[in-house]
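All values below come from the heavy atoms of this structure, side chains included, with hydrogens, waters and symmetry mates left out.
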Amino acid sequence: MGGVEDDEPASKRMKLSSEELIHLSNGSTVKESIVGSSRDLMARPLQSDGSEEVVGSKGVIKKVEFVRIIAKALYSLGYIRSGAHLEEESGIALHSSIINVFMRQVLEGDWDESVATLHNIGLTDEMTIKSASFLILEQKFFEYLDEEKVMDALKTLRTEISPLCINHSRVRELSLSIVSPSHCFTVRSPKQDTSRARSRTKLLEELQKLLPPTVMIPERRLEHLVEQALGLQRDACMFHNSLDEEISLFADHQCARDQIPSYALQVRFYFGNQIL
């Protein structure tokens, strides 16, 4: 890909300039031209030699999953090169090559190709495939309307969206947006943006929620696991009496007994309905 021979080492491919999909800390994705891009590396599945290997003292953490989650976190935080280097050094790819192709097709607006790729990912749930196809074709529909290609939008609705036979109420709303163009803005969901790049990025985020986590790791999965662990430590703290922001990642949380109030700061005496 990108005009680079497959037999070139990954480190050399990373030195090429190309448009990189950059995952920002807020979970959004934008295209930016940078040097040191890992796009070609990312689009090619790396071989892992430890698919059954586990890490951690209890032996319950699968190494492949652990590395993929860390790589996902690095990309989400904006550490693009670090995430690419982790994939290269570990030999564990964040996404398979077909998922990288699928993501790129969605962001570039290759709607027919992305739907075809979706069917080749290997999903077994037919409803998931239909729901994901519906979201993609809906985006295609709205972009046709934005370009004032009403007949193309109508054709998409009749020959591609309606035959999916799901979400009939939404299909009626899309039909109404053709009859009444002013209604198009009310039909768009809050997650659909008038900016084409942002709208496609949000579409990819919605698709990510539909697809199995083994195919596309949910956004901020590592943060969720850490927050879950801190919450469990807080709930198990017998003498908990501290603010959440005081909990640190560097050590297991445990409030000391002396943090519990042990003497009165004020004493009130009641005489009838009066406080003395």
Arg221: what forms a side chain to side chain contact (heavy atoms under 4.5 Å, CB included) with it, not counting sequence neighbours?
Ile69, Ile217, His224, Leu225
Under a 4.5 Å cut-off applied to non-hydrogen side-chain atoms, are Leu207 and Phe102 in contact?
yes
Sequence neighbours excluded, the answer for side chain to side chain contact (heavy atoms under 4.5 Å, CB included) partners of Gln208 is Lys72, Met216, Glu219
Residues two or more places apart in sequence or in another chain: which of them pass salt bridge (Lys or Arg N to Asp or Glu O under 4.0 Å) with Arg68?
none
Pairing residues for Asp252 by the salt bridge (Lys or Arg N to Asp or Glu O under 4.0 Å) criterion, not counting sequence neighbours:
none
Going by side chain to side chain donor-acceptor pair (under 3.5 Å), name the residues that satisfy it together with Glu147, two or more places apart in sequence or in a different chain.
Lys149, Arg196
Could you grab the distance from atom CG of Leu86 to atom CD1 of Ile92, nearest 0.5 Å is fine?
8.0 Å
Derivation of the salt bridge (charged side-chain N to carboxylate O under 4.0 Å, His left out) call for Lys209 and Glu206
CA-CA 5 Å; Lys209 295 175 184 179; Glu206 291 304 302; 3.3 Å; yes
Once side chain to side chain donor-acceptor pair (under 3.5 Å) is applied, do any residues pair with Asn167, and if so which ones, sequence neighbours excluded?
none
What residues form a side chain to side chain contact (heavy atoms under 4.5 Å, CB included) with Glu113, not counting sequence neighbours?
Gln105, Asp110
Given side chains that start at C-beta, do those of Ile129 and Glu126 come closer than 4.5 Å, heavy atoms only?
yes
Ile166 meets the side chain to side chain contact (heavy atoms under 4.5 Å, CB included) criterion, sequence neighbours left out, with Met127, Lys130, Ser131, Phe134, Leu164
N/O donor-acceptor pair under 3.5 Å between Tyr75 side chain and Ala84 backbone
yes
For a 4.5 angstrom cut-off between non-hydrogen side-chain atoms, does Leu137 reach Lys140?
yes
Under the salt bridge (charged side-chain N to carboxylate O under 4.0 Å, His left out) rule, what pairs show up with a residue in residues 114-123, not counting sequence neighbours?
none
Under the side chain to side chain donor-acceptor pair (under 3.5 Å) test, residues paired with Asp152 that sit two or more places apart:
none
Indicate, with yes or no, if Trp111 and Tyr144 share a hydrophobic cluster defined by side-chain heavy-atom contacts under 4.5 Å among Ile, Leu, Val, Met, Phe, Trp and Tyr.
no
Residues passing the side chain to side chain donor-acceptor pair (under 3.5 Å) test with Ser133, sequence neighbours excluded, are none
For the residue pair Leu118 and Leu123, establish whether any side-chain heavy-atom pair is separated by less than 4.5 Å.
yes
